[in-house]
Amino acid sequence: MSSDHTHDEAPPLTEEIAPGTAADPAVGGPDRATVTVDGTSVTVEPGATLLDAVEAVETDDYVPALCSYDRQEIGPRSECRTCMVETDADGIVPACSHPAEDGATVSTDAEAAAEARDVNLDLVLSNHNLRCTTCGKNGRCELQDAAIEQEVEEPRYGVLDDRDEYEPIDDTSSFIQIDRNKCILCNRCVEACNDVQVEGVLRMEGSGQDTRIGFQSDAETMEDSTCVSCGHCATVCPTGSLVENGIEDATTIPLPGFTQKNSIGKAIESSGKSKGPMTPKKRATEHESDPATNGSAPNTPTIADRASDDESNAEDATDDWAGFDGGEWP
């Protein structure tokens with residue numbers, strides 16, 4: 001390497017990747033803090049949020065946190081606002097992004113906080129495809145869990161039920177299916193893709209009600225994107241918006257003639273183009289270097305590695321469904 005080498009000649013790996021955490025709020029402080037939650041004192045670690053304190057005790061009210069993912073440095077995003085609590089010092093605040101300050105007092109059952117959580121959950125539900133019976137995440141969906149815990153019978157703002165307004169399912173990839181009608185814009189997938197796997201495939205695009213999951217490469221479909229099929233986006237998705245192919249209907253209730261795709265009405269299918277689990281650029285890099293240093297997380301198996309297991313699991317899940325007997329509705 002020449003002696004006049006500069007950083008300009010060797011741009012960082014992530015130079016062209018827009019990270020998903022750019023707008024994350026700063027949280028936490030440098031010291032441990034003792035917080036009182038519903039009358040119970042709890043001491044949390046430096047950098048903790050009020051949500052950490054809330055989750056450390058048995059609270060009076062249930063506090064969901066749909067856009068929070070407390071592992072792998074993903075979030076908090078403070079997007080869904082389903083974790084609102086009342087504090088003596090600052091009033092109603094989102095627990096996931098509010099720093100746990102020493103001496104803070106939190107009430108989860110304060111009327112205003114409970115109402116804020118209910119309203120925000122209903123807002124999320126009103127923009128979500130609620131056809132849970134044809135969803136592969138049925139029974140293991142965080143939004144479904146929150147709605148059940150909050151005893152939601154019918155969202156006050158209605159539900160997305162006009163088939164003409166549904167976005168087609170992106171079923172073009174051999175590994176990941178995207179159903180944007182189930183996306184709650186939590187941003188977990190974007191951060192997992194950009195900040196954890198450092199692949200720079202996904203992004204949030206658009207604004208307002210037109211905000212959606214898109215691709216940093218401006219591709220129209222997952223098949224045409226630079227996805228390397230690591231599957232991390234599907235792992236962190238709280239709903240059925242991003243699901244690994246092969247298990248997209250693993251927990252669908254088998255109503256004859258009623259499937260995940262025809263419940264939406266439209267799907268973009270694969271073009272049939274042969275595409276391996278890695279992009280051409282990644283494949284070239286793989287041949288030239290050790291797999292442990294080719295840009296992928298060293299300990300993260302690709303979906304291709306797990307494809308056969310997933311197929312087997314999907315079959316088992318369907319077979320295990322109580323009351324299902326070979327496709328006939330009991």
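The figures that follow rest on heavy atoms only: side chains count, while hydrogens, waters and symmetry mates do not. Sequence positions, counted from 1, serve as the residue numbers for this chain.
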Residue pair A192 / V236: nearest heavy atoms and the distance that separates them:
CB-CG2, 3.9 Å
Roughly how far, to the nearest 0.5 Å, is the CD atom of E86 from the OG atom of S107?
5.5 Å
Using a 3.5 Å distance criterion without hydrogens, assess whether the side chain of R117 forms a donor-acceptor pair with backbone atoms of M84.
yes
From CA spacing to verdict: side-chain contact (heavy atoms from CB on, under 4.5 Å), R32, E45:
CA-CA 5 Å; R32 289 164 60 91; E45 298 298 318; 2.6 Å; yes
Verdict with supporting geometry, I169 and K182, side-chain contact (heavy atoms from CB on, under 4.5 Å)
CA-CA 10 Å; I169 293 175; K182 298 170 183 172; over 6 Å; no
If hydrophobic clusters are built from ILVMFWY residues whose side chains come within less than 4.5 Å, do L51 and I92 share one?
no
Taking all heavy atoms of A65 and all of C83, pick out the closest pair and write down the distance.
CB-CB, 4.0 Å
In Å, rounded to the nearest 0.5 Å, how long is the span from CD of E55 to SG of C96?
10.0 Å
Between E220 and D170, is the side-chain contact (heavy atoms from CB on, under 4.5 Å) condition met? List the steps.
CA-CA 9 Å; E220 293 295 327; D170 184 345; over 6 Å; no
For D52 and T49, indicate whether the former's side chain and the latter's backbone hold a donor-acceptor pair under 3.5 Å.
yes
Tell me if a side-chain donor or acceptor on N120 pairs with a main-chain N or O of R81 at a distance below 3.5 Å.
yes
Side-chain contact, heavy-atom cut-off 4.5 Å: V54 with V35?
no
Is there a chain of hydrophobic side chains (I, L, V, M, F, W, Y, each step under 4.5 Å between heavy atoms) that links I176 to L185?
yes
Derivation of the salt bridge (charged side-chain N to carboxylate O under 4.0 Å, His left out) call for E115 and R156
CA-CA 12 Å; E115 178 66 10; R156 72 191 73 185; 3.0 Å; yes
Would you say that L202 contacts I213 through its side chain, given a criterion of any heavy-atom pair below 4.5 Å between the two side chains?
yes
Using a 4.5 Å cut-off between side-chain heavy atoms of Ile, Leu, Val, Met, Phe, Trp and Tyr, which other residues end up in the same hydrophobic cluster as L66?
L121, V124, L125, L130, L143, V152, V159, I184
Atom OG1 of T172 and atom CD1 of I178: how far apart are they, to the nearest 0.5 Å?
7.5 Å
About how many Å separate SG of C233 and CE of M222, when rounded to the nearest 0.5 Å?
5.0 Å
Closest approach of D90 and H98, non-hydrogen atoms and distance?
OD2-NE2, 3.0 Å
Are the side chain of D38 and the backbone N or O of D60 linked by a donor-acceptor pair below 3.5 Å?
yes
Polar side-chain atom of R188 near backbone of S68 as donor-acceptor pair, under 3.5 Å
yes
Let me see the working for V196 and I74 under side-chain contact (heavy atoms from CB on, under 4.5 Å), right down to the final yes or no.
CA-CA 8 Å; V196 180; I74 295 177; 3.9 Å; yes
Not counting sequence neighbours, which residues clear side chain to side chain contact (heavy atoms under 4.5 Å, CB included) with E149? List them please.
Y62
Has the side chain of E223 got a donor or acceptor atom that lies under 3.5 Å from a matching backbone atom of S173?
no
Using distance alone, with no hydrogens and no angle criterion, decide if N181 and E167 have a side-chain donor and acceptor under 3.5 Å apart.
no
Given side chains that start at C-beta, do those of V119 and Y157 come closer than 4.5 Å, heavy atoms only?
yes
Name all residues meeting the side-chain hydrogen bond (donor to acceptor under 3.5 Å, both in side chains) criterion together with T43; count only those two or more places apart in sequence or in a different chain, and write none if there are none.
T34
Test item: C141 and C135 side chains (from C-beta on) under 4.5 Å apart, heavy atoms:
no
Ignoring hydrogens and angles, tell me if any N or O in the side chain of K137 forms a donor-acceptor pair with the backbone of T239 under 3.5 Å.
yes
Distance check, rounded to the nearest 0.5 Å: Q197 atom CD versus H232 atom NE2?
5.5 Å
Under 4.5 Å between any side-chain heavy atoms of E199 and C193, yes or no?
yes
Identify the two heavy atoms, one from P64 and one from A146, that lie closest to each other, and give their separation to 0.1 Å.
CB-CB, 4.0 Å
Could you see if I268 belongs to whatever hydrophobic cluster contains Y166? Use Ile, Leu, Val, Met, Phe, Trp, Tyr and a side-chain cutoff under 4.5 Å.
no
Without swapping roles, check the side chain of T87 against the backbone of G91 for a donor-acceptor pair under 3.5 Å.
yes
Could you point out which residue of D145, D118, T82 forms a side chain to side chain donor-acceptor pair (under 3.5 Å) with Q150?
D118
Between S126 and L123 the two heavy atoms that sit nearest each other are OG-O, 2.7 Å
Would you give the length of the straight line joining atom SG of C227 to atom CZ of F215, rounded to the nearest 0.5 angstrom?
8.0 Å
Are V106 and V42 connected into the same hydrophobic cluster when the rule is that any two of I, L, V, M, F, W, Y join if their side-chain heavy atoms are below 4.5 Å apart?
yes
Going by atom types alone, do T59 and D61 pair a side-chain donor with an acceptor below 3.5 Å?
no
